[in-house]
Amino acid sequence: MIDKSQKPLIEIKNLVKKFGNFTALNGVSLDVYPGEVHALLGDNGAGKSTLIKVLSGVHPATSGNILVGGKEVNFLTPRQATDSGIGTVYQDLALNALTSVTRNFFLGREIKKGPGPFGIMQMKEMNRITIEEMAKIGINISNPEQPVGTMSGGQRQTLAIARAIYFGAKILILDEPTSALGQKQQMEVLKTIKDVQKLGHIAIILITHNEIHARLIADRYTFLSLGEVIGSGLAEELGGDDIKRLMAGGAEIGDLRDELGA
Amino acid sequence: MKATETSPQRQESDRQGDKKWYSAFFARPEIGPLGVMILLCGMLGYFSIPEGEFSLNPFAGEGFNALGIRNNFRVIAQLGIVALGAGMLIIAGEFDLSVGSMIGFAGGCMAMILKWGFAFVIPYISFQGGFHFEGLKLFEITDPSPLTALLITLCFTLSFGWFQGWLIVKSGIASFIVTLGGLFFLRGVTEVSYREFNRAPDQTAGSTTVTELPDIKNIINIPGHGEIERDTAKNLPNEQLLEILSTVPANTITKLTEQLTYINEKVAANKTILASKKMIQTLEKSLEGAKKSGNDSMVEILTEKINAGVEVPAVAAKVVTDIDIAKAYIDTIVTARPVANFFGGDILEPVFEWLYFSADWNVNMYGNIFAKGMYSCLMVWFIIALVCYFVLSRTQAGNWIYSTGGNLNAAKANGVPTNKVKISLFMFTAFCATMFAACQVFEVNTADTAKGNLKELEAIAAAVIGGVVLTGGFGTILGIILGTIIFGIAKEAFFYIPGIDGSFYRVFLGAVLVAAALTNENIRKRIIGGV
């Protein structure tokens with residue numbers, strides 16, 4: 001799946017982030033290639049959220065380098081991160097359930113004719129693009145004018161992903177996309193991620209708690225614990241027990257089993 | 001054991017029941033208000049049919065005669081102007097309680113500027129001749145035009161709207177509290193200003209009204225007389241009126257003569273009818289008296305007379321004089337103050353003239369023209385509503401307003417300038433309040449502090465009845481318009497119900513308001529609870 005002849009789309013080298021005295025990230029390095037799903041795993045407090053926030057421009061890094069397409073970047077605002085091709089899909093998805101699919105797809109970036117915010121929205125064109133872009137990653141919506149509230153959680157996730165890709169995201173960061181969903185919808189979302197992977201030019205960073213989901217679609221893993229990388233490797237190199245152990249921050253699940261058994 | 005399975009091809013969409021042809025219609029949020037509005041219009045129509053008369057046509061009632069329509073739509077349009085501002089703001093998730101006080105403030109501001117002019121004064125402390133305040137006059141406008149007064153007032157109200165919005169988005173304090181402060185503050189400032197500017201020379205506190213403004217919208221330009229009020233012009237000495245008439249082209253005079261002749265004949269005919277009605281009434285009274293006293297022969301004679309009908313001599317139509325024509329001509333002269341006329345004048349006059357002269361409908365019981373047109377505030381309401389509809393449903397700004405109210409964080413995350421959206425809408429409610437005030441001031445040529453009292457709550461109620469949800473993100477302009485019509489017409493409709501206290505309209509509106517809020521919330525939950 002990974003084409004190592006290509007350059008990685010994003011490289012993170014020795015990233016350090018300190019909040020005052022507290023070291024949230026202590027020299028994290030990872031890279032993601034186009035068409036790759038890179039699973040970022042770790043327990044609560046491992047530094048996953050901080051890493052996303054640094055990558056999406058919410059917090060500036062204390063030290064270390066981020067290279068996007070080989071060029072060094074330094075984000076001060078979320079806008080700068082979006083402009084250089086990093087699209088983050090947060091858990092709350094940033095959707096307005098009361099308005100239509102199209103209005104959400106183009107929220108804040110409406111296609112319009114006319115002066116300033118009083119330009120007329122080109123609804124027909126926007127509807128067409130919405131249907132096309134959603135179909136590209138595997139969801140056919142019949143009516144783009146339906147309120148987002150009538151869509152399933154999986155479809156909403158797809159909408160948010162399609163939106164990020166359409167507006168130029170080459171590096172897609174998915175923050176626990178399968179949490180808070182039913183079984184079937186989780187599968188829907190995983191299929192969507194698979195479809196995005198097939199597009200071939202997008203690097204995906206998948207943050208998850210769910211080891212089963214990670215094993216279904218990830219090409220590579222990086223495990224975080226207490227702000228440091230404690231292990232990484234290709235999917236085929238890692239066994240199920242390794243993943244379980246590393247996810248728990250290196251503690252032996254077996255020990256826990258013994259403890260519980262005792 | 002084999003688990004039972006049924007049709008694996010079942011899709012999520014299969015769980016939705018079949019949609020009937022009418023279901024799209026009933027899913028619209030405006031459907032409830034539309035029903036209530038039709039009910040109220042029917043009530044107003046049928047209950048206002050005069051006693052003893054019968055008609056299946058609701059438009060035969062007094063509620064829908066020309067004057068009734070003119071007056072009802074004035075109440076509706078005035079409320080409608082502020083309801084649009086309030087409704088748009090609620091859709092964006094905030095609300096403004098200072099609207100009513102803003103109306104009082106704007107009206108007072110405009111009237112005072114029109115009466116006394118406007119000066120920009122910087123106060124400073126002076127020690128010459130003892131400690132006291134003095135004012136440094138930067139500039140002064142002594143004889144402001146209606147437009148100048150309106151623009152200066154807009155500067156004040158829009159800045160105040162901006163300030164409220166800015167305070168709310170920057171501090172995060174609930175708009176309820178900030179605008180409640182605005183409600184007290186503006187009403188107080190208005191009262192203080194009225195008393196201060198009206199202060200009599202003997203230093204007693206002044207009244208809280210501004211009166212004796214000229215009838216600005218009716219100032220016209222007559223060659224040889226300059227700018228003059230219409231009524232003053234009509235009361236000029238006869239020789240001067242004739243002089244004015246001599247400048248009028250012949251075909252205009254012919255047309256005016258025809259119209260005046262028609263009016264005079266109509267008045268005469270109605271006088272004849274009234275006279276015969278009066279005669280019959282007198283006869284019927286005597287008949288009753290005769291019946292009571294048991295005078296059988298008298299009863300017979302009177303019954304015969306009534307059945308035969310009464311003949312009254314036809315009232316002769318008044319002859320049209322040149323003075324009448326001159327006065328009628330002065331009525332047709334176009335105003336020299338278009339801005340004042342835009343807000344306070346009448347519209348659709350040609351339509352109402354056609355209804356009188358050609359359709360024979362717009363006639364009062366004396367045969368004169370009943371309503372000369374609709375109040376101009378109807379047009380102001382219509383224009384603002386059209387702009388609001390366009391902005392909310394078609395433009396980028398509309399999408400921003402919906403998303404700001406629907407999910408503030410989502411809007412922010414997608415780069416919508418939510419603070420600007422909110423501040424602009426606070427300014428828009430202030431703008432609407434100013435338009436309301438302009439319509440009132442230029443129409444009645446007076447202003448007082450009590451103007452606009454409680455209008456903020458009525459505007460919110462009208463918007464909610466029209467399907468706007470108070471938590472934001474949900475509602476339409478059409479709904480707000482329907483809600484306003486319901487609110488405006490309820491009072492009239494209940495007034496005409498025989499044997500019922502007129503205040504029952506408040507009972508009715510209260511119930512409708514709560515019912516509407518429940519329905520709106522239900523629709524909203526149905527939309528967002530789809531997971």
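The chains referred to below are lettered A, B, ... by the order of the sequence lines, with proteins before strands, and numbering in each begins at 1.
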How close do B/A410 and A/A94 get, counting heavy atoms only, and between which atoms? CB-C, 3.3 Å

In Å and rounded to the nearest 0.5 Å, what is the CG to CG distance from A/L95 to B/N414? 7.5 Å

Under a 4.5 Å heavy-atom cutoff, which of B/G415, B/G405, B/P417, B/S403 has the most pairs with chain A? B/S403

Who among B/T395, B/N409, B/L408, B/V416 has the most heavy-atom pairs with chain A under 4.5 Å? B/T395

What residue in A/L98, A/T82, A/N104 has the most heavy-atom pairs under 4.5 Å with chain B? A/L98

Between B/W400 and A/G108, the two heavy atoms sitting closest are NE1-CA, 3.8 Å

CZ of B/R394 to CD of A/Q122, rounded to nearest 0.5 Å, is 10.5 Å

If we define contacts as heavy-atom pairs under 4.5 Å, which of A/L107, A/I120, A/V148 has the most with chain B? A/L107

Which one wins on heavy-atom pair count under 4.5 Å against chain B: A/G119, A/P147, A/S100? A/G119

Nearest heavy-atom neighbours spanning A/N96 and B/Y402: ND2-O, 3.4 Å

Which atoms of B/L392 come close to chain A, meaning under 4.5 Å heavy atom to heavy atom: side chain ones, backbone ones, both, or neither? backbone

Indicate the atoms forming the closest heavy-atom contact of A/M121 with B/N399, along with that distance. SD-CB, 4.0 Å

